[in-house]
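Values below: all heavy atoms of this structure, side chains included; hydrogens, waters and symmetry mates excluded.
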Amino acid sequence: MSELYYYGYARGYGGNVSAKITTDGERLTSVSLKGEHETPTIGGRLLPELEKRFLEAGTYEIDAVSGATLTWSGARYALHDAMVSAGLL
């Protein structure tokens, strides 16, 4: 069976944040976040860490990140959107 990708989008600090996920039908198996217009040294640097945290948690519901609240919020809502598309929520 080929892998299916699901996408979600939400507003971050500098523009849209996108989430691309894969699932096994019941849980997340990969999370990729992009935010090309986020501040590179703040929100942009945070996105790889958020990918890990979301995947480990298996959900969009993780603790807030101070100093990059809008990027965190955008990533969280983008992941929520992708999880709804995948039928996980």
Side-chain angles (χ1 to χ4, degrees):
M1 181 177 185
S2 62
E3 213 167 43
L4 293 176
Y5 297 97
Y6 300 92
Y7 299 88
Y9 305 92
R11 182 90 177 138
Y13 176 75
N16 283 337
V17 174
S18 64
K20 179 173 87 170
I21 66 169
T22 58
T23 78
D24 65 4
E26 296 180 10
R27 63 181 181 83
L28 293 172
T29 55
S30 72
V31 176
S32 175
L33 299 171
K34 301 287 182 218
E36 288 81 13
H37 300 291
E38 299 304 290
T39 307
T41 57
I42 302 170
R45 190 180 75 212
L46 176 67
L47 291 174
E49 177 62 27
L50 288 176
E51 290 173 348
K52 292 176 197 169
R53 290 178 58 192
F54 286 133
L55 190 57
E56 287 172 4
T59 182
Y60 68 96
E61 296 182 50
I62 62 170
D63 291 337
V65 177
S66 63
T69 305
L70 294 176
T71 300
W72 166 81
S73 180
R76 184 173 181 263
Y77 284 110
L79 180 59
H80 178 272
D81 190 31
M83 290 179 74
V84 167
S85 294
L88 296 176
L89 298 176

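Distance OG1/T23 to CG/L4: 7.5 Å, rounded to 0.5 Å. Rounding to the nearest 0.5 Å gives a distance of 11.0 Å between CD1 of I62 and CG of L55. Atom CG of L33 and atom NZ of K20 lie 11.5 Å apart (nearest 0.5 Å). Here the CZ-CG distance, from R53 to D63, works out to 6.0 Å after rounding to the nearest 0.5 Å. For the atom pair OG1 (T29) and CD1 (I21), the distance works out to 8.0 Å, reported to the nearest 0.5 Å. Put simply, CG on L79 and CG on L28 are 6.0 Å apart, with the number rounded to the nearest 0.5 Å.
Within a 6.0 Å radius of OH in Y9, other residues, nucleotides and ligands contribute more than 12 heavy atoms. By the 6.0 Å contact criterion, OH on Y6 is enclosed, its count of non-hydrogen atoms from other residues, nucleotides or ligands being greater than 12.
When all heavy atoms are compared, the tightest approach of Y60 to F54 is O-CE2, 3.4 Å. Residues G35 and L47 come closest through the heavy atom pair N-CD1, 3.5 Å. Here the closest non-hydrogen pair linking I42 and G67 is CG2-O, 3.2 Å. Across A82 and A19, no two heavy atoms sit closer than the pair CB-O, 4.2 Å. Scanning both residues, G74 and A10, for their nearest heavy atoms gives O-CB, 3.4 Å. Taking all atoms of both residues into account, the shortest heavy-atom contact from S30 to T22 is OG-OG1, 2.5 Å.
Residues satisfying the side chain to side chain donor-acceptor pair (under 3.5 Å) criterion with D24, sequence neighbours excluded, are R27. Among residues two or more places apart in sequence or in another chain, the side chain to side chain donor-acceptor pair (under 3.5 Å) test is passed with S32 by none.
Clustering ILVMFWY residues whenever any of their side-chain heavy atoms sit less than 4.5 angstrom apart, transitively, puts Y5 in a cluster other than the one holding M83.
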Would you sort out whether H80 and E61 count as a side chain to side chain contact (heavy atoms under 4.5 Å, CB included), showing the intermediate values? CA-CA 9 Å; H80 178 272; E61 296 182 50; over 6 Å; no

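Side-chain atoms of R45 come within 3.5 Å of backbone N or O of T41 as a donor-acceptor pair.
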